[in-house]
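A note on names: the letters A, B, ... follow the listed sequences, proteins ahead of strands, and every chain is numbered from 1.
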Amino acid sequence: MLIAIKQKRGLMIQKALGEIKRGTSEIIDLEYIEKLVTRYYTEGKTYTVKVGFDPTGADLHLGHTVLLHKLKIFQKHGATVQLIIGDFTATIGDPTGKSETRKVMDRDTIIANAKTYQDQAFLILDRDKTEIFYNSVWFDKLGAAGLVGLSTLFSVARMLERDDFEKRYKAGQSISISEFLYPLLQGYDSVELKSDIEIGGTDQKFNLLMGRHLQRSYNIKKEQAVITMPILEGLDGVQKMSKSLDNYIGITENPNTIYAKVLSISDTLMWRYYELLSTKTLDEIALLKKGVEDGSIHPKIVKENLAIELVARFYNEELANIAKEEFDKVFKSNEVPSEMSEFIFETPIWICKALVDANIEPSTSQARRDIAQGAIKINQEKLVDDQLQLENGEYIVQVGKRKFAKIKVL
RNA sequence: GGUGAGUUACUCAAGCGGCCAACGAGGGCAGACUGUAAAUCUGCUGACUAUGUCUUCGAAGGUUCGAAUCCUUCACUCACCA
């Protein structure tokens, strides 16, 4: 009897570890994680997983969800998530992956961003198993002396080993001292919170390891395990998904937009998204891939399914299917979307001006160029005359394939 | 602190007194082909009811009929020296 329970427990732990390992890029000190998970399943003891973020951009996108889903898995297996709002560190700016010094942010925007971040993070995370910390709490106390003390624990040479610093240094670009401080401060968070595990993107590896280094230096009896997750590429398939590059899919964007954006990614990138975002098992994904390769499944179908899965995750099945129908309507049958923004003008208006006012062209100059190239359609018909005045009536104007607006002239 | 080099559009990068709204590459947008995919080919890529006008080459002044180009000051970046 006892043996049976033990065996069952062992299986559960193995399963948990399997889920934890899936899709990770690297795990440092897996043994420690095993120990923590085992202890949870045998003694019911919880442990902590730390994650930090810079409250720089207000909206979360799919790239963030890669991490959040991993955290959710941890919560399922006994972890308490320590969510650190880097309100202090954000005033410095994380140099990671940056080719130049980042601009510092003012405090009000940071706080506002932090709030929306939390609201959105809890779409995925379990609120009851999450603790939120603002790192200004301990950094305000640390003081100049503390900061100097902290900075004696690491050498410039080692700091310069870091890939992005090294590149910038060699390329003759500037690196400010505050940027050297950033990894130290992030690591110090782990000292304050005595975290058991820290998780971040692969580009965060250096900073994450700093946590281990500092925990050792400050004699916290343990060193955190480190997990890095792959970085999700943005819509272009090359650069990291980010708001500033405008290659992201935001989780609060409307279902139609999410659906359309997923469908616009390349076939190669699609597999990457499957791997990192889908809840399908790796075997199922491999099967799909094989199907596409031998021609038995059309890649478009596979992509559609991914889009539906993702929309359904942030909304529901029903809206996901509506998004698909809408998409097919507009792009397969070349019809007009059922909803679009509407603009009303009191008097007849020059077409170029109307396009600008309807926010689908940035300038009348651009509008003229697009007309010359045949990119503008009015009521489904190509427009040739760039002097056209819109008289009374209702018009559906279209720029390129995806920008629509309804214009009414009274 | 000293010496030298540099700062050009979204990015890289030419231009070094008029032919400059500024070569070229990447990116982006659009058209053709498609599955709004990729690849490929083509066009566009400062603004303005526009064969013209206005504003842009780190900032401010100056020289000149005329300045991204020459001069002065300032700011920033880098290298070497201290």
Considering only atom [atom1], compute the distance from [N] to [M] and round it to an integer number of Å.
N: B:A13; M: B:G27; atom1: C1'; result: 14 Å
N: B:A21; M: B:G1; atom1: P; result: 42 Å
N: B:G15; M: B:A9; atom1: C1'; result: 14 Å
N: B:G31; M: B:A50; atom1: C1'; result: 24 Å
N: B:U49; M: B:G35; atom1: P; result: 40 Å
N: B:U53; M: B:G58; atom1: P; result: 25 Å
N: B:C16; M: B:U7; atom1: P; result: 14 Å
N: B:U8; M: B:A68; atom1: C1'; result: 7 Å

Nearest heavy atoms of A:L209 and A:I28, plus distance in Å: CD2-CD1, 3.6 Å
I'd like a table of donor-acceptor pairs (distance under 3.5 Å, sequence neighbours excluded) in which one partner is a side-chain atom from residues 388-399 of chain A, with atom names and distances.
{"from": "A:Q389", "atom 1": "OE1", "to": "A:W350", "atom 2": "N", "distance (Å)": "3.4"}
{"from": "A:Y395", "atom 1": "OH", "to": "A:E391", "atom 2": "N", "distance (Å)": "3.3"}
{"from": "A:Y395", "atom 1": "OH", "to": "A:E391", "atom 2": "O", "distance (Å)": "2.7"}
{"from": "A:Q398", "atom 1": "NE2", "to": "A:G400", "atom 2": "O", "distance (Å)": "3.1"}

5' precedence on RNA chain B between A:V399 and A:F331 (nearest-nucleotide basis): A:V399
Toward the 5' end of RNA chain B, by each residue's nearest nucleotide, A:R402 or A:Q373: A:R402
Acceptor/donor pairs from residues 336-348 of chain A side chains to any protein atom, 3.5 angstrom cut, sequence neighbours excluded:
{"from": "A:S338", "atom 1": "OG", "to": "A:E326", "atom 2": "OE1", "distance (Å)": "2.7"}
{"from": "A:S338", "atom 1": "OG", "to": "A:E326", "atom 2": "OE2", "distance (Å)": "3.3"}
{"from": "A:E342", "atom 1": "OE2", "to": "A:K408", "atom 2": "NZ", "distance (Å)": "3.3"}

Got a sec, which residues hit ring-ring contact (aromatic ring centres under 6.0 Å, His included) with [X], two or more places apart in sequence or on another chain?
X: A:F122; result: none
X: A:F314; result: none
X: A:Y248; result: none

Qualifying residues under side chain to side chain donor-acceptor pair (under 3.5 Å), relative to A:Y41, sequence neighbours excluded: A:H77
Where at least one partner belongs to residues 277-302 of chain A, residue pairs that pass ring-ring contact (aromatic ring centres under 6.0 Å, His included), sequence neighbours excluded: none
Any N/O donor-acceptor pair, A:D267 side-chain to B:G35 base, under 3.5 Å: yes
Only pairs under 3.5 Å count here: list side-chain donor-acceptor contacts from residues 150-158 of chain A, not counting sequence neighbours, and write none if there are none.
{"from": "A:S151", "atom 1": "OG", "to": "A:L147", "atom 2": "O", "distance (Å)": "3.2"}
{"from": "A:S151", "atom 1": "OG", "to": "A:V148", "atom 2": "O", "distance (Å)": "2.8"}
{"from": "A:T152", "atom 1": "OG1", "to": "A:G149", "atom 2": "O", "distance (Å)": "2.5"}
{"from": "A:S155", "atom 1": "OG", "to": "A:R158", "atom 2": "N", "distance (Å)": "3.2"}

Exercise: do [X] and [Y] side chains pair donor with acceptor under 3.5 Å:
X: A:Q366; Y: A:S363; value: no
X: A:E198; Y: A:Q224; value: yes
X: A:N254; Y: A:Y315; value: no

Worked verdict on A:E309 versus A:T279 for side chain to side chain donor-acceptor pair (under 3.5 Å): CA-CA 9 Å; A:E309 181 183 340; A:T279 53; 3.2 Å; yes
Letter per nucleotide, 5' to 3', of nucleotides 46-58 of chain B [B base touched, S only sugar-phosphate touched, - untouched; heavy atoms, 4.0 Å]: -SBBB--------
Within residues 256-263 of chain A: residues closer than 4.0 Å to RNA chain B (heavy atoms): A:A260
Members of residues 293-309 of chain A that approach RNA chain B, where some heavy atom sits under 4.0 Å away: A:H298, A:P299, A:K300, A:K303
B:U51 glycosidic torsion: syn (within 90° of 0) vs anti: syn
Sugar-phosphate only, base, or nothing, as touched by A:L269 at under 4.0 Å among non-hydrogen atoms: nothing
All stems with RNA chain B, defined as three or more consecutive Watson-Crick or G-U pairs under 3.5 Å: B:1-7 with B:75-81, B:10-12 with B:24-26, B:27-32 with B:40-45, B:46-48 with B:52-54, B:58-62 with B:70-74
